[in-house]
Amino acid sequence: MTDRYLSVARSGVHELEIKRSRFLCALAPVTSEEAAREFIAARRRTDPGARHHCHAFVLGADGRTRRSSDDGEPAGTAGTPMLEVLRRRELTDTVAVVTRYFGGVLLGAGGLIRAYGQSVSDAVEVVGVLEHRRLRLVEVAVSYDRAGRLENDLRASPHLVHATRYDELARFEIGLAPGEAPAFESWLADLTNGEASTTELGDHWVVHRR
């Protein structure tokens, strides 16, 4: 079971022009093959006049489900390089559709491979990437007079500050990797002279932008 995976941060479209051919790469986060194929179909409806709507998608935290299509381009020149970009960037739960409007100049197999791969790579840079981590969440509670310094120390530490809340006490939800809890509690006790209390909240998937 994986404890970490990456996906695109949001849906988005990025256009690339190479020798008068237009390559429109649409990316989206998805969590099922049905959702991926619905997105592919929607892109076909959006640009019905385009010659090709090539696609690739990867699903599951382990990236086990992988599909791609050249959609009429020479075999291996579109879907495969698109899928390779997703694989190389370690992206999953992600679908990519590259819509091509032919510009009248033949690119050749090598040119197509580079164009489709670059189209996906450039689009990933535009929409950004999210990191999903399975962490043990621990709530730390302290009095208000210690809250300011403790928050600064927590944010300067390697531990993830997932959320903060203030009621009768200052409360911080901290994400810990497997095996980190004993060392964290010892560090926290030294830092607060034992005045901070901790409550385990269980394992959760925590998401943050890379």
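Because the structure is predicted, anything quoted here is derived from the model rather than measured.
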So ring pair (Phe, Tyr, Trp, His ring centres under 6.0 Å) across residues 86-133, not counting sequence neighbours, yields Tyr5-His132, Phe23-Tyr116
Here the ring pair (Phe, Tyr, Trp, His ring centres under 6.0 Å) pairs for residues 60-84, sequence neighbours left out, are none
Salt bridge (Lys or Arg N to Asp or Glu O under 4.0 Å) filter on Glu151, not counting sequence neighbours, yields Arg155
For the backbone of Ala42 and the side chain of Thr46, can you confirm whether one donor and one acceptor N or O come within less than 3.5 Å of each other?
yes
* Could you tell me whether the side chain of Asp70 and the main chain of Ala78 form a donor-acceptor pair under 3.5 Å? =>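 Yes.
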Closest approach of [X] to [Y] (non-hydrogen atoms, all atoms of both residues):
X      : Y      : value
Glu17  : Arg20  : OE2-CA, 3.7 Å
Gly60  : Asp93  : N-OD1, 2.9 Å
Gly179 : Pro182 : O-CD, 3.7 Å
Ala115 : Leu107 : CB-CD1, 4.5 Å
Gly79  : Ser68  : O-CB, 3.5 Å
Ala26  : Val13  : CB-CG2, 3.9 Å

Inter-residue atom distance [X].[atom1] - [Y].[atom2], 0.5 Å rounding:
X      : Y      : atom1 : atom2 : value
Gln118 : Leu16  : CD    : CG    : 5.0 Å
His55  : Leu83  : NE2   : CG    : 9.5 Å
Asp62  : Arg64  : CG    : CZ    : 4.5 Å
Arg146 : Glu195 : CZ    : CD    : 4.0 Å
Ser143 : Leu169 : OG    : CG    : 7.0 Å

Applying side-chain contact (heavy atoms from CB on, under 4.5 Å) to Arg67 and Arg37, what does each step give before you reach the verdict? CA-CA 10 Å; Arg67 304 282 188 270; Arg37 296 202 179 280; 4.1 Å; yes
Practice problem: Return the set of residues passing side chain to side chain contact (heavy atoms under 4.5 Å, CB included) with Glu34 (not counting sequence neighbours), or none when no residue passes. | Solution: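 Result, side chain to side chain contact (heavy atoms under 4.5 Å, CB included) vs Glu34: Ser32, Glu38.
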Taken in chain and number order and not counting sequence neighbours, the residues that satisfy side chain to side chain contact (heavy atoms under 4.5 Å, CB included) with Arg149 are Asp153
Legend entry - For Asn193, side-chain hydrogen bond (donor to acceptor under 3.5 Å, both in side chains) partners two or more places apart: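 Expected list: none.
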By side-chain hydrogen bond (donor to acceptor under 3.5 Å, both in side chains), Arg22 pairs with (sequence neighbours left out) Glu15
Which pairs pass salt bridge (Lys or Arg N to Asp or Glu O under 4.0 Å) with one or both residues in [range], sequence neighbours excluded?
range           : answer
residues 41-52  : Arg43-Asp47, Arg44-Asp71
residues 95-114 : Glu73-Arg100
residues 76-91  : Arg4-Glu90, Glu84-Arg87, Arg89-Glu125

If we only count heavy atoms from C-beta on, is the [X] to [Y] side-chain gap below 4.5 Å?
X      : Y      : value
Arg133 : His208 : yes
Cys54  : Ser69  : no
Ser7   : Leu130 : yes

Side chain to side chain contact (heavy atoms under 4.5 Å, CB included) test vs Val120 passes for just one of Leu91, Leu86, Thr94, namely Leu86
Worksheet item: So does Glu139 pair up with Arg165, basic N to acidic O under 4.0 Å?
Response: yes
- Transitive ILVMFWY side-chain link Val124 to Leu24, under 4.5 Å: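 Val124 and Leu24: separate clusters.
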### Query
Are Ile113 and Val98 linked, directly or through other ILVMFWY residues, by side chains that come within less than 4.5 angstrom of each other?
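No: no chain of side-chain contacts under 4.5 Å links Ile113 to Val98.
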Is Leu150 isolated, or which residues cluster with it under the ILVMFWY side-chain rule of less than 4.5 Å, directly or via members?
->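 Answer for Leu150: Val138, Val140, Val142, Tyr144, Leu154, Val161, Tyr166, Phe172, Ile174, Leu176, Phe184, Trp187, Leu188, Leu191.
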query = Val97: which other cluster members, linking ILVMFWY side chains closer than 4.5 Å, directly or transitively?
reply =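 Listed partners: Val30, Phe39, Ile40, Phe57, Leu59, Val95.
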- Message: Between Val206 and Arg136, does the side-chain contact (heavy atoms from CB on, under 4.5 Å) criterion hold? Intermediate values first, please.
- Response: CA-CA 9 Å; Val206 177; Arg136 175 67 53 88; over 6 Å; no
